[in-house]
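Worth knowing before you read on, the calculation uses all heavy atoms, side chains too, and leaves out hydrogens, waters and symmetry mates. All chains are named by letter (A, B, ...) in the order of the sequence lines, taking the proteins before the strands, and each is independently numbered beginning at 1.
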Number of protein chains: 4
Amino acid sequence: MIGHSFMGAVHSQAWRNVHRFFDVPLTPRMVVLGGRDEQRAKVAADRFGWDSVATDWRAIIERDDVDLVDICTPGDTHAEIAIAALEAGKHVLCEKPLANTVAEAQRMAEAAARADAKGVRSMVAFNYRRVPALALARKLVAEGRLGQLRHVRAVYLQDWLSDETSPMTWRLRKEQAGSGSLGDIGAHIVDATQFVTGEVITGVAGLTETFVRSRPGENGASESVTVDDCAVFHGRLSSGAIATFEATRYALGRKNAMRIEVNGSRGSLAFDFESMNELWFYDGDESGETAGFRRIVATEPDHPYVGAWWPPGHGLGYEHTFTHEIADLLRAIGSGQSPEPSFADGLRVQQVLEAVEDSASEASRWKQVEVSPT
Amino acid sequence: MIGHSFMGAVHSQAWRNVHRFFDVPLTPRMVVLGGRDEQRAKVAADRFGWDSVATDWRAIIERDDVDLVDICTPGDTHAEIAIAALEAGKHVLCEKPLANTVAEAQRMAEAAARADAKGVRSMVAFNYRRVPALALARKLVAEGRLGQLRHVRAVYLQDWLSDETSPMTWRLRKEQAGSGSLGDIGAHIVDATQFVTGEVITGVAGLTETFVRSRPGENGASESVTVDDCAVFHGRLSSGAIATFEATRYALGRKNAMRIEVNGSRGSLAFDFESMNELWFYDGDESGETAGFRRIVATEPDHPYVGAWWPPGHGLGYEHTFTHEIADLLRAIGSGQSPEPSFADGLRVQQVLEAVEDSASEASRWKQVEVSPT
Amino acid sequence: MIGHSFMGAVHSQAWRNVHRFFDVPLTPRMVVLGGRDEQRAKVAADRFGWDSVATDWRAIIERDDVDLVDICTPGDTHAEIAIAALEAGKHVLCEKPLANTVAEAQRMAEAAARADAKGVRSMVAFNYRRVPALALARKLVAEGRLGQLRHVRAVYLQDWLSDETSPMTWRLRKEQAGSGSLGDIGAHIVDATQFVTGEVITGVAGLTETFVRSRPGENGASESVTVDDCAVFHGRLSSGAIATFEATRYALGRKNAMRIEVNGSRGSLAFDFESMNELWFYDGDESGETAGFRRIVATEPDHPYVGAWWPPGHGLGYEHTFTHEIADLLRAIGSGQSPEPSFADGLRVQQVLEAVEDSASEASRWKQVEVSPT
Amino acid sequence: MIGHSFMGAVHSQAWRNVHRFFDVPLTPRMVVLGGRDEQRAKVAADRFGWDSVATDWRAIIERDDVDLVDICTPGDTHAEIAIAALEAGKHVLCEKPLANTVAEAQRMAEAAARADAKGVRSMVAFNYRRVPALALARKLVAEGRLGQLRHVRAVYLQDWLSDETSPMTWRLRKEQAGSGSLGDIGAHIVDATQFVTGEVITGVAGLTETFVRSRPGENGASESVTVDDCAVFHGRLSSGAIATFEATRYALGRKNAMRIEVNGSRGSLAFDFESMNELWFYDGDESGETAGFRRIVATEPDHPYVGAWWPPGHGLGYEHTFTHEIADLLRAIGSGQSPEPSFADGLRVQQVLEAVEDSASEASRWKQVEVSPT
């Protein structure tokens with residue numbers, strides 16, 4: 001695994017425990033943790049349970065005892081590491097967003113396709129697909145319980161930048177993060193929309209804004225914020241449904257409100273990650289007298305992933321989505337299949353994000369999203 | 001009062017009871033009800049408590065014993081009736097949207113301004129301003145409890161058109177209704193946004209869609225739907241805050257979900273008309289340990305309008321917003337002041353709606369909203 | 001109508017408007033309002049729309065032009081007035097609790113039965129039966145949608161006495177109010193339980209408490225509180241189901257949380273008056289994957305009473321329960337039937353309340369509730 | 001650790017990961033897992049990460065390399081194992097309820113007190129104390145934010161026995177389980193009440209019921225259920241506050257609704273484990289205009305335990321309560337302090353449960369709870 005901050009910690013927890021709960025065909029060995037500062041990497045490796053450390057990611061890729069590389073670094077490094085790892089015959093799990101640009105993502109998707117043909121697998125870590133309630137949502141849509149889809153409204157609301165005086169971070173520098181809320185959290189709702197509906201976004205029109213244009217840097221000096229603080233956009237799905245999106249880190253009081261609501265001709269769904277064990281479902285086939293949005297507590301044994309854990313009502317948390325993700329990845333590798341979401345899926349998200357930026361830079365003009373030929 | 005269907009019924013209830021609860025300087029007398037079909041008008045007048053009927057609205061305007069004309073007809077008739085009434089020296093209450101076009105609304109606003117100079121008052125019936133929880137929301141914003149505003153997200157979700165086979169109505173004909181969800185319910189969230197924030201919308205980019213393009217007409221023949229089924233748009237407020245809007249009658253399971261959420265640098269607010277007696281408020285000044293969106297049950301005596309009614313927790317309903325509206329109108333007339341929302345406010349809403357339609361017809365391109373000089 | 005404070009106001013609103021919305025066989029004429037202070041009664045009559053006033057309730061009962069007497073006075077006066085009115089051949093609507101003692105209630109129920117045999121009707125005003133969501137709840141239970149009932153948990157939580165310094169009122173004097181929270185609000189949940197389940201409470205064990213034993217009286221002097229501040233009790237229904245109850249006016253932050261939850265072998269229901277337009281229903285016949293408590297927004301035309309009012313999602317308020325009550329009363333009178341809840345139903349509530357008090361005075365010992373032979 | 005079913009699995013997860021997140025002075029080594037069937041124990045040890053297995057718990061206690069014994073077996077075995085382990089100088093973590101009888105619990109508490117004097121620690125595993133939201137609740141009460149306490153209402157609702165045909169389990173046999181819902185889940189709400197309020201329950205009156213008196217046994221024959229299906233009771237806290245309790249496994253649709261609500265003279269709290277990352281707090285000091293129950297999403301760094309995990313809004317799950325429990329236990333051992341909840345706390349819960357059973361067997365008569373002299 002390369003990188004050991006927030007994402008490194010949660011990925012490690014998943015690698016360490018996945019085989020304790022899921023019948024996976026491969027048992028992870030946590031061989032080496034990559035980090036630029038050796039001392040800090042050692043502390044992290046010890047804490048997270050990795051056997052050794054390396055300060056150069058190339059050294060990790062060259063090791064014979066490494067079968068899979070998990071990339072938890074900022075987006076500007078993804079393409080180089082992932083392509084090299086795939087070419088070295090290592091399976092790759094890559095954090096989202098897949099890359100900072102469509103061009104990079106395109107190269108990654110191509111590399112992934114070539115590797116896949118040789119049995120080398122890759123997956124992009126859109127962990128929200130593994131929230132049981134959202135996996136159930138996708139299942140209900142796929143079964144036709146919603147009928148013809150008409151609306152999606154997806155927002156991802158956080159508030160950690162609300163305070164104008166909070167300090168600069170790499171997430172606010174374009175060269176490292178690629179974009180702001182758009183790539184960081186907007187990517188999640190774009191992917192979740194495509195995942196839950198089983199459709200792709202074919203066009204968008206958007207607006208981005210930077211509310212606070214400079215923040216205190218490391219040595220007290222003011223540093224410019226070079227990414228968006230929020231992005232709002234609307235779009236169309238391949239079926240013709242209308243979707244709206246908003247990603248912001250200025251929604252004071254909303255901590256991690258990744259929400260998606262879908263309306264169809266036969267039913268509707270609503271989800272909010274702040275209550276991640278719940279899915280709300282409106283069944284339009286129900287008689288008018290007793291119809292209503294029902295709160296499905298998605299902790300039953302027959303809900304996706306849940307059977308591996310605790311009894312009904314004993315909810316799961318954020319970290320379990322990563323355990324599910326890695327369980328799925330190991331199962332795919334073990335059974336010789338291509339895991340999802342693929343790098344092509346990651347590219348498709350990137351194409352939507354780029355179209356939003358393009359639209360925002362041209363007075364919200366509509367942009368078709370070029371669907372990659374994969 | 002002219003018109004006696006849904007709006008006529010609820011306005012009548014308000015006229016009949018307002019002085020039972022509010023200390024208004026004028027006690028309404030319900031003189032004459034206008035309707036094109038005399039027989040049906042008589043039935044309605046009897047039911048709703050009007051003394052007489054008239055089949056020509058001009059006859060009503062000419063009566064000496066009529067001081068105020070309440071217009072509850074479809075939008076295409078508003079301009080003619082309202083302007084004539086104002087010129088005849090009658091105060092006017094006009095249902096929303098103010099008119100079907102900006103041109104009409106402009107003429108109405110001008111007539112209203114002229115009349116107002118002579119003490120003849122006019123008001124457009126955006127009743128949601130009189131929901132106690134929303135009036136409280138405006139108060140909190142005005143007091144600065146939210147700080148610098150950054151986001152508004154406003155949706156109005158209904159589902160009565162979800163069924164593709166439900167019949168044609170006048171609300172789906174452009175010549176009568178002007179527009180579809182945009183003017184019918186989108187108008188409410190545009191006005192509510194401007195009301196709660198105390199700002200105006202300065203530009204928008206939008207998309208409209210008609211999902212079901214024909215419906216069963218009166219004699220079984222299929223009739224074309226000539227208005228939008230939904231409208232989505234984003235915009236900016238005068239302060240620079242970013243706002244998103246959605247109006248639809250296809251959100252299956254949502255009956256009357258007129259929702260607005262506002263995020264500022266110091267606090268946030270959220271409201272949903274399906275729980276109309278509640279306002280959610282996040283106070284960012286609160287310590288992190290105990291901060292949270294608080295559910296204010298807006299039924300306390302010191303909440304707007306509530307003191308006139310029942311004890312705390314004994315909630316109000318939809319119709320009371322009209323009683324409050326008319327109480328405010330009577331007070332303004334009695335005290336020689338100009339009531340709000342004025343026809344100029346109605347015009348401003350109309351200008352936003354037109355900008356949305358213009359944007360939608362030009363691939364979502366951004367449209368500045370021309371702010372009327374009033 | 002006799003009495004013109006809170007209950008008088010809300011009953012008047014219902015009498016004034018019932019025929020505007022419901023097709024009732026009799027149109028109310030609001031003949032005379034009774035109140036001990038003539039001046040205050042006149043003000044109230046004028047405000048509420050009564051034609052005349054009387055300072056002696058006996059004068060009202062003797063009037064030929066009075067067909068029905070509506071009793072909105074404190075509980076200690078109910079028996080005398082109601083019995084006299086019934087014996088004078090007047091229909092009677094009596095506020096709850098029916099009386100302050102079982103003995104009084106027994107005499108009233110007997111008088112009502114005698115009168116009923118002559119076509120003179122009586123009803124006790126448990127208005128919560130007329131909340132559409134609760135009427136729907138009863139319907140679902142009656143249809144067997146809940147199967148065998150096992151649990152009821154009913155609470156009525158208010159907070160207006162939380163402040164120890166709030167002043168004395170007649171509701172805190174045993175001689176006028178009979179009891180405290182038990183008779184005032186506990187009566188509602190006892191009746192609602194019997195109404196929704198269609199069963200009777202056959203035994204109880206309880207505890208009462210007075211938290212604040214004296215309060216500031218009218219002239220500043222401290223006055224003793226002689227009623228309970230809260231009552232908690234458990235009991236059994238005739239089917240063997242277990243029920244728990246709590247009535248308090250010290251639940252800080254709960255304004256009018258009259259809640260009832262019922263669990264059966266096939267389904268469950270939950271209701272909270274603070275969200276009075278909602279009924280939560282869990283259908284145990286639903287597959288595990290999509291089962292969940294569904295939020296029924298009880299504002300559809302086919303929900304009880306709702307068709308007379310506004311479109312779906314345009315909620316009703318507290319006062320409408322009284323309009324429904326009076327509509328039902330007028331329909332019963334017009335069609336020669338006995339309305340419900342009858343005085344016998346009121347007596348049954350009184351018997352439960354008395355059993356709770358008896359149990360509380362004997363260390364919570366179980367008390368069978370003597371079921372009246374009616 | 002002894003026992004390896006549900007509780008064994010979740011305790012193992014905590015032992016395996018606690019030092020990955022918390023700075024604990026001792027790092028667990030998972031030496032030996034006890035289970036009667038060697039083969040099944042080996043499978044479990046392998047899955048959960050234990051080094052070896054033993055079929056006799058005595059062998060575990062005798063091992064020099066075992067410093068702490070974690071007891072996850074049914075309640076009838078707790079006393080013997082725990083006392084032997086403490087006498088052998090092993091720290092003990094014991095699942096709840098502490099024992100099946102007060103006599104056993106008394107002996108255990110005495111053994112624990114003797115051991116504690118020698119630095120051998122013990123803790124009873126009331127894991128709900130370690131839900132961040134409930135730990136925060138206790139903190140707010142302790143700080144006086146609720147003022148004088150007046151009400152507690154605590155329920156623990158599950159539904160896994162609702163189906164009359166579901167099979168017999170050891171939890172329905174008195175000789176193994178001690179009691180039914182009372183000891184299994186009622187114990188949790190009794191402890192949580194005493195924990196959150198910082199008070200003890202001084203008396204109770206209760207009722208228990210067995211709805212389904214026999215169930216399908218292992219070989220198809222019907223087997224008698226010898227424990228309660230539900231228990232309802234009310235009681236008093238040492239401050240005089242009134243508390244109500246209900247424990248049932250027949251509340252259809254409620255999966256793990258462990259709820260507690262506390263009302264005081266200055267504030268109120270409400271919690272529901274089905275939304276375990278939320279605490280609702282009503283601050284009575286707030287002005288009436290903006291007062292309301294606020295939904296505290298208890299995932300901020302300064303909320304109890306949360307700083308060790310993920311960013312705000314990235315919720316925790318059921319299992320984390322055990323990790324917190326073990327972190328606290330290790331810290332107490334490491335710093336030479338007595339951890340909480342102690343066996344004396346467990347005894348106090350047992351005394352309340354016994355009083356409820358005594359009351360239930362004597363027609364709900366009030367029973368003082370003998371407070372143990374610890």
Say you draw a straight line from CE of A:M258 to NE2 of D:H314; how long is it, rounded to the nearest 0.5 Å? 10.5 Å
Mind checking the CZ-CZ spacing from D:R47 to A:F21? Nearest 0.5 Å is all I need. 8.5 Å
Are the side chains of D:K255 and A:E300 in touch, meaning some heavy atoms are under 4.5 Å apart? yes
With a 4.5 angstrom heavy-atom cut-off, which part of D:D272 approaches chain A: side chain, backbone, both or neither? neither
Looking only at heavy atoms and a cut-off of under 4.5 Å, which of D:R20, D:M276, D:E278, D:E319 has the most pairs with chain A? D:R20
Taking side chain as everything from C-beta outward and backbone as N, CA, C, O, which of these in A:W160 sits under 4.5 Å from a heavy atom of chain D? Side chain, backbone, both or neither. neither
With only heavy atoms counted, which part of D:H19 is less than 4.5 Å from chain A, the side chain, the backbone, both or neither? backbone
With a 4.5 angstrom heavy-atom cut-off, is it the side chain or the backbone of D:A257 that approaches chain A, or both, or neither? neither
Of all of D:N256, D:L316, D:T299, which one pairs up most often with chain A through heavy atoms under 4.5 Å apart? D:N256
Could you report the tightest heavy-atom contact between A:F273 and D:G315, atom names first, then the distance? CE2-N, 4.5 Å
Counting heavy-atom pairs under 4.5 angstrom with chain A, the leader among D:S12, D:G253, D:P312 is D:P312
Pair count under 4.5 Å, heavy atoms only, with chain A: among D:Q158, D:Q13, D:R254, highest is D:Q13
Could you look at D:D159 and say if it's the side chain, the backbone, both or neither that has a heavy atom under 4.5 Å from chain A? neither
OH of A:Y318 to NE2 of D:H320, rounded to nearest 0.5 Å, is 12.0 Å
